[in-house]
2 protein chains.
Amino acid sequence: MSEIQRPGALYQQVAAAIREAILSGEFAPDSLLPSEAQLMARYGVSRPTVRNAISALRAEGLIDVRHGKGSFVRSSGQPHLTIERRVSRTAEGKFVMPNGDIWQEAEEPTTYRTHTTKDTGRLLRLDEEEALFGCDRLLIDPSSGTRAMHRTLIPFEVAEAVPLLGEEPCKPAAAIYWVLTQAGHQLAWTETVRARMPLPDERTALKLPDATPVLHVTRTAHGTDDRPLFLEELRFGADRAELVYRITADKQPTRRTRT
Amino acid sequence: MSEIQRPGALYQQVAAAIREAILSGEFAPDSLLPSEAQLMARYGVSRPTVRNAISALRAEGLIDVRHGKGSFVRSSGQPHLTIERRVSRTAEGKFVMPNGDIWQEAEEPTTYRTHTTKDTGRLLRLDEEEALFGCDRLLIDPSSGTRAMHRTLIPFEVAEAVPLLGEEPCKPAAAIYWVLTQAGHQLAWTETVRARMPLPDERTALKLPDATPVLHVTRTAHGTDDRPLFLEELRFGADRAELVYRITADKQPTRRTRT
DNA sequence: TGACGTCACTTGTCCTTACGAGTTACGACT
DNA sequence: AGTCGTAACTCGTAAGGACAAGTGACGTCA
C-alpha cells in the first residue's frame, strides 16, 4: 500500500519503487520478488502497469523472470572468467596464448569462403568484396560454462603468399602466427573492443540472459610492413567474462596511420 | 496482409517479420517504419501485439521510436570515436595519452572521499573499506558528441607516501603517473574491460539511446613492487566509441599473480 | 511405496477500450 | 504576410478481461 506519485508515468514510479527496494537491500540478490498480483495490490495499479514496470527493470538487467516461478533479483556478481589478451613467445619462439587451453569446441568448426564487409575490410585495410577464408568456432569454457563465438579470417592474397598457410583457416591462431613468422614477418597486433546487444542467433548460441550485451573483440595481426595479415574475432556475453590487457609505456609516442 | 504463423508467440512472429524486412533492406536505415495502425492491418493483430513486437526490436537495438513521429530503423553505423588505450612517454620521460586532448569537461569535477568497494578493492588489491580519494568528471568529445564518465581513485596510503600527490585526485592521469615516477616507481598498467547495461543515472548523464550498453574500462597503475597504486575508470556508451589496444609479443610467458 | 493426476500458484499471450501527449500541416484569423 | 488554433496523425499510458503455459505440491490410486 505504499503510495507513489513522484515523477512521470505510473509504471515508472512503480519501477523506481521496486528498484529502490532492490538497491536498498529490501529484496536481496537471488531472492523472489512479490508476484505480479501482490505488486498490483501493493501499489494499487493494474496488471499491465506492473508488467510494464517489471519489463523496464528487466531491460536494465536488474531482475530475471522465470515463467511459472516469479521474478528474481539478479545477483550482480562480477564476471567469473577473466580473458587475458596477450601474446607470449616461448624460448624457441613459439607463440603461447594465455587462454589457449581453457576453451573446448562445442561443435565442429565451420570453414567457408566470404568477402570483406565494410567492417572487416576497414580493419584489414582491404577494399570491399575481397575474398577471404573463414573459420567459425563455438567455444565453451567447461569450468565456468562461458560460451564464446570465435572466427578467423585470412585474405586470399595472404594465404597464397605464405606457403604453409594453405586452405586451413581453422588452425589455432598461435599456429598461424608461427607460420607467418616463418615466412619472414615480424608480428604486431591491434585489438578493437566493442559492445552491443546480441543478435537473435547470438542470444541462442551463447545462451544469454535478458539485457546482456556481447563483447566483441577483433584482433588483427600486422606483418613487417605494418599491413594487416590475419583477423581473429571473439564474441561472448559480458555477464560471464571480462577482458584484461597489460600495458607498458611506449618509449616514443609513435604516430600510427589513421584508420 | 502477409500471413504469418511460424514459430512461437504472435508478437514474436511479427517481430521476426519486421526484423527480416529490415535486414533484407525492405526498410532502409533511418527510414520510417509503418505506423502501429498500419502494422496492425498488415499482420492482422491488435495494437498491444504490435507494440510488444516493436518493444522487442527496440531491446535488440534495431529500431528507435520517437513519440509522435514513428519508428525508425537504426542506422547500424560503427562507432565514430576510437579510443586508443596506450601510454607513451616523451623524450624527457613525461607521459602522453593518445586521447588526452580530445576531451572537454562538461561540468566541474567532483572530489570526494570514499572507501574501496568489493570491486575496486579487488582491482587495487586492498581490503574492503580502505579509504580513497576520488574525483569524478563528465567528459565530452565535441567533435563527435560522445560523452564519458571518468573517475580516478587514489588510496590514502599511496597519497601519504608520495609527497607531491597531496589531496589532488583531480590532476590528469598523466600528471599523477609523473609524480609516481618521480617517487621512484617504475609503472606498468593493467586494464579490465567490461560491458553492461547502464544504470538510470548513466543513461541520463551519457544521453544513451535504448538498448545501448556501456563499456566500462578500469586501468590500474602498478608500481615497482607490482602493487596497484592508482585506479582510473572510464565509462561511455558503446554506440559512439570503441577501444583500441596495441599488442606486442612478450619475450617470455610471464606468470602474473592471480587476481 | 511409487506413479500419476489434479489444483493452485506463477508468468505469458492477446484482445478491447479509452485517453494523454508529441508532431505536423493546414487554414482561418489578425 | 504572419500568427495561431485546430485537426489529424503519431506513439505513450492505463485499465479491463480472458485464456494458455510452466511449476510445484499435494493427494489419490494402483
Side-chain angles (χ1 to χ4, degrees), chain A residues 3-19 22 27 30-74 200 203-204 207 209-211, chain B residues 3-18 22 27 30-74 200 203-204 209-211:
Chain A
E3 294 305 321
I4 44 182
Q5 42 191 332
R6 296 290 171 238
L10 237 192
Y11 80 93
Q12 284 171 346
Q13 302 172 30
V14 174
I18 301 176
R19 189 187 300 116
I22 291 175
F27 300 125
D30 282 321
S31 71
L32 190 58
L33 246 58
S35 74
E36 295 179 356
Q38 289 169 326
L39 292 173
M40 289 167 64
R42 174 156 168 170
Y43 297 114
V45 298
S46 70
R47 185 155 174 239
T49 302
V50 166
R51 285 183 63 78
N52 209 343
I54 285 182
S55 144
L57 298 175
R58 235 217 260 222
E60 292 174 24
L62 262 180
I63 63 177
D64 280 314
V65 181
R66 272 177 284 182
H67 190 173
K69 303 191 70 170
S71 304
F72 297 82
V73 180
R74 186 177 282 186
R203 281 210 54 171
T204 60
K207 295 196 198 302
D210 279 339
Chain B
E3 293 304 320
I4 45 180
Q5 40 191 337
R6 296 293 171 235
L10 238 191
Y11 79 92
Q12 285 170 346
Q13 301 171 30
V14 175
I18 301 175
I22 291 176
F27 299 125
D30 283 322
S31 72
L32 190 56
L33 247 57
S35 73
E36 295 180 356
Q38 289 168 327
L39 292 173
M40 289 167 63
R42 174 156 169 170
Y43 298 112
V45 297
S46 71
R47 186 155 174 241
T49 301
V50 166
R51 284 183 63 78
N52 209 343
I54 285 182
S55 141
L57 298 174
R58 234 218 260 222
E60 292 173 25
L62 262 180
I63 63 175
D64 279 314
V65 181
R66 271 178 286 183
H67 190 173
K69 303 192 74 171
S71 304
F72 297 82
V73 181
R74 185 178 284 185
R203 281 209 54 169
T204 59
D210 278 339

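Below, chain A is the first sequence line, B the second, and so on; all start at residue 1.
Rounded to whole Å, the distance from CD on Gln13(B) to P on dG12(C) is 18 Å. One interatomic measurement links the two molecules: CG of Asp64(B) to P of dG12(D), which rounds to 11 Å at whole-angstrom precision. For the pair Tyr43(B) OH and dT13(C) C1', the computed distance is 19 Å after rounding to whole Å. One can place CD1 of Ile54(B) at 11 Å from C1' of dT10(D), the figure rounded to the nearest angstrom. When the P atom of dC11(D) is taken as reference, atom CE of Met40(B) falls 11 Å away, rounded to whole Å. Rounded to a whole Å, the CG atom of Leu32(A) is 14 Å from the P atom of dT23(D). Atom CG of Leu39(B) is separated from atom C1' of dC11(D) by 12 Å (rounded to the nearest Å). Rounded to whole Å, the distance from CG on Leu10(B) to P on dC19(D) is 18 Å.
The phosphate of dG16(D) has neither OP1 nor OP2 within less than 4.0 Å of any side-chain N or O from Arg51(A). For dC14(C), the OP1/OP2 oxygens have no side-chain nitrogen or oxygen of Ser46(B) closer than 4.0 Å.
Between the CG atom in Asp64(A) and the NZ atom in Lys69(A) there is a gap of 12.0 Å [rounded to 0.5 Å]. Atom CG of Leu57(A) and atom CD1 of Ile63(A) lie 5.0 Å apart (nearest 0.5 Å). Rounding to the nearest 0.5 Å gives a distance of 7.5 Å between CZ of Arg51(A) and CZ of Arg58(A). Atom-to-atom distance recorded for Leu33(A):CG and Leu39(A):CG is 6.5 Å, nearest 0.5 angstrom. The CG atom of Leu62(A) sits 12.0 Å away from the CG atom of Asp210(A) when rounded to the nearest 0.5 Å.
Closest-nucleotide positions on DNA chain C for Val50(B) and Glu36(A) were compared, and the one nearer the 5' end corresponds to Glu36(A). Residue order along DNA chain C, read from the 5' end via each residue's closest nucleotide, puts His67(A) first among Thr49(B) and His67(A). Mapping Lys69(A) and Val65(B) onto DNA chain D by nearest heavy atom places Val65(B) closer to the 5' end of the strand.
Heavy atoms of Arg66(B) sit under 4.0 angstrom from primed sugar atoms or phosphate atoms, though from no base atom. Looking at heavy-atom distances under 4.0 Å, Arg47(B) makes contact with a base.
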Next item on the list: Check the pair Val45(B) / Gln13(B) against side chain to side chain contact (heavy atoms under 4.5 Å, CB included), numbers first and verdict last.
Entry: CA-CA 11 Å; Val45(B) 297; Gln13(B) 301 171 30; over 6 Å; no

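Heavy atoms only, all atoms of each residue included: Ile54(A) and Ser71(A) are closest at CD1-OG, 4.1 Å.
Taking only side-chain atoms of Arg58(B), from C-beta outward, the nucleotide of dT10(D), dG12(D), dA14(D) with the closest atom is dG12(D).
Axis orientation changes by 20° from one end of the helix from dT1(C)-dA30(D) to dC14(C)-dG17(D) to the other, with each end axis drawn from 5 pairs and the value rounded to 10°.
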